[in-house]
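In what follows, a structure is listed as structure tokens, so that the remarks can point back to it.
For ligands, and for the atoms within them, numbers begin at 1 and follow the listed sequence. Each residue takes its place number in the sequence, starting with 1. Because the structure is predicted, anything quoted here is derived from the model rather than measured.
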Amino acid sequence: MSRPETLVHPGGDVLAAAVAARLITAIADAQTVRGSASVVLTGGRTGIGVLEQVRQSPALSAVEWSAVDVFWGDERFLPADDGERNEVQARQALLDHVGVDPSRVHPMAPSDGEFGSDADAAAAHYAELLAGLAPAGASVPSFDVLMLGVGEEGHTASLFPGTPYVREESRTVVGVHDCPKPPPTRISLTLPAIGAASEVWLMTTGEAKAEPVAAALNGAKPVDIPAAGAVGRDRTLWLLDTAAASALR
Ligand code: 6PG
């Protein structure tokens with residue numbers, strides 16, 4: 001378990017550009033060692049903004065995009081073509097503009113797919129997919145980088161404070177119901193799955209996130225501030241702008 005490291009950037013645009021550069025470098029480094037890389041994307045303004053900056057980066061072709069395994073940390077359980085889906089936004093921001101191998105891009109199921117409106121079945125299927133791609137003895141792949149946003153009440157992925165989902169200790173993927181952030185039904189990795197990643201990057205901006213960020217970094221319990229429970233095996237980075245970092249001692 002890694003201790004959180006905090007990096008503060010002067011504004012949201014710089015943060016997105018800096019995280020994009022970091023992501024390109026991390027993927028290229030993993031590919032140098034293993035010939036491939038495994039990344040977990042997130043939704044939200046910050047997460048999608050990073051993907052847009054990656055697309056615009058002069059270093060874009062430093063990555064062999066056909067050798068990147070793409071997963072999602074959570075998904076809004078909506079019809080496949082709904083613009084609010086994290087997958088749809090990630091494809092528009094980046095994936096449709098680079099030569100990813102479609103067989104290595106693993107979206108979470110939509111609400112009009114093979115599982116219909118059963119988010120729990122869709123979650124169980126994603127857990128099986130992850131297990132099938134995991135190394136021996138593991139239940140999820142060894143993600144190189146897992147990116148996360150942070151909500152105003154401290155949620156991360158689709159794990160919200162005080163819910164049974166943030167307390168989940170055995171399942172790797174859950175269907176999430178009655179979410180305070182619309183849409184109400186989602187699919188999310190759980191903290192044990194998030195913790196399997198080599199590096200976890202929590203990235204957020206704005207004054208409204210200052211309190212949950214400070215709480216998470218000052219020892220809050222994950223059940224109260226789920227982002228506090230997002231810890232990478234080798235590294236945990238909190239990538240903030242000055243406003244989101246403004247309540248830190
Ligand atoms: C989602 C995201 C969610 C998001 C946070 C932060 O599906 O909405 O996965 O966890 O990352 O709510 O969102 P912002 O970056 O827009 O503040």
Side-chain angles (χ1 to χ4, degrees), residues 9 11-20 23 39-54 70-80 82-94 106-111 119 122-123 126 143 145-163 165-166 168 173-191 193-194 197 200-213 215-216 222 225-230 237-246:
H9 297 285
D13 292 345
V14 175
L15 174 78
V19 175
L23 181 62
V39 296
V40 182
L41 306 183
T42 188
R45 238 173 344 99
T46 313
I48 298 302
V50 166
L51 300 186
E52 284 164 353
Q53 289 289 331
V54 169
V70 180
F71 301 90
W72 273 265
D74 73 330
E75 186 54 275
R76 299 141 184 214
F77 195 56
L78 295 165
D82 191 306
E84 281 303 301
R85 269 178 62 84
N86 293 335
E87 173 204 1
V88 170
Q89 293 183 12
R91 288 186 186 280
Q92 289 168 348
L94 175 64
H106 307 287
M108 293 173 165
S111 62
Y126 204 73
F143 306 124
V145 176
L146 187 149
M147 292 186 285
L148 293 168
V150 180
E152 295 182 13
E153 77 301 276
H155 82 257
T156 197
S158 290
L159 304 176
F160 289 81
T163 62
Y165 313 111
V166 71
E168 179 65 42
V173 189
V174 288
V176 182
H177 304 275
D178 307 320
C179 283
K181 176 176 181 181
T185 307
R186 292 160 167 254
I187 300 173
S188 183
L189 295 190
T190 59
L191 290 180
I194 290 169
V200 168
W201 301 356
L202 296 111
M203 46 202 189
T204 198
T205 64
E207 288 287 344
K209 309 298 179 73
E211 285 311 315
V213 165
I225 302 283
L237 294 182
W238 283 76
L239 303 163
L240 309 169
D241 72 350
T242 44
S246 59

Handout entry: Partner residues of E168 under the salt bridge (Lys or Arg N to Asp or Glu O under 4.0 Å) criterion, sequence neighbours left out
Key =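 With sequence neighbours excluded, E168 shows a salt bridge (Lys or Arg N to Asp or Glu O under 4.0 Å) to R171, given in chain and number order.
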
Practice task
Tell me yes or no: between the side chains of S158 and D74, is some donor less than 3.5 Å from an acceptor?
Solution key: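 Yes, a side-chain donor-acceptor pair sits under 3.5 Å.
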
With heavy atoms only and a cut-off of under 4.0 Å, state how [X] meets ligand 1: side chain, backbone, both or neither.
X    : answer
K209 : side chain
A157 : backbone
V150 : backbone

Exercise for the section: Examine ligand 1 and decide if any of its atoms is less than 4.0 Å from a heavy atom belonging to R186. Expected result: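 R186 counts as a contact of ligand 1 under the 4.0 Å cut-off.
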
Judged by atom type as modelled, is there a donor-acceptor pair below 3.5 Å linking the side chain of [X] to the main-chain atoms of [Y]?
X    : Y    : result
D178 : P184 : no
Y126 : H106 : yes
R76  : E84  : yes
Q89  : G83  : yes

Looking at [X], which atoms of ligand 1 are within less than 4.0 Å of one of its heavy atoms?
X    : answer
G44  : 13 (O), 15 (O), 16 (O)
N86  : 7 (O)
T42  : 9 (O), 11 (O)
H155 : 3 (C), 5 (C), 10 (O), 12 (O)
K181 : 1 (C), 3 (C), 4 (C), 5 (C), 8 (O), 12 (O), 13 (O)
R45  : 14 (P), 15 (O), 16 (O), 17 (O)
T46  : 15 (O)

Handout entry: Nearest-neighbour protein heavy atom for atom 11 (O) of ligand 1, which is reported as residue plus atom name and distance
Key =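 Its nearest protein heavy-atom neighbour is G43 O, 3.0 Å.
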
Please determine if [X] has a nitrogen or oxygen closer than 3.5 Å to a nitrogen or oxygen of ligand 1.
X    : answer
G151 : no
T156 : no
D74  : yes

Problem - Carboxylate-amine/guanidinium proximity below 4.0 Å for E152 and K209 - result: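 No, no charged N to carboxylate O under 4.0 Å.
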
Practice task
Supply the atom-to-atom distance W72 CH2 to N86 CG, rounded to the nearest 0.5 angstrom.
Solution key: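 Between W72 CH2 and N86 CG, I get 9.0 Å after rounding to 0.5 Å.
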
Handout entry: Nearest atoms (heavy-atom pairs only) where P212 meets G151
Key =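 Nearest heavy atoms, P212 then G151: CG-O, 3.6 Å.
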
Problem - By ring pair (Phe, Tyr, Trp, His ring centres under 6.0 Å) - contacts of F143 (at least two apart) - result: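 With neighbours one apart ignored, the set is F71.
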
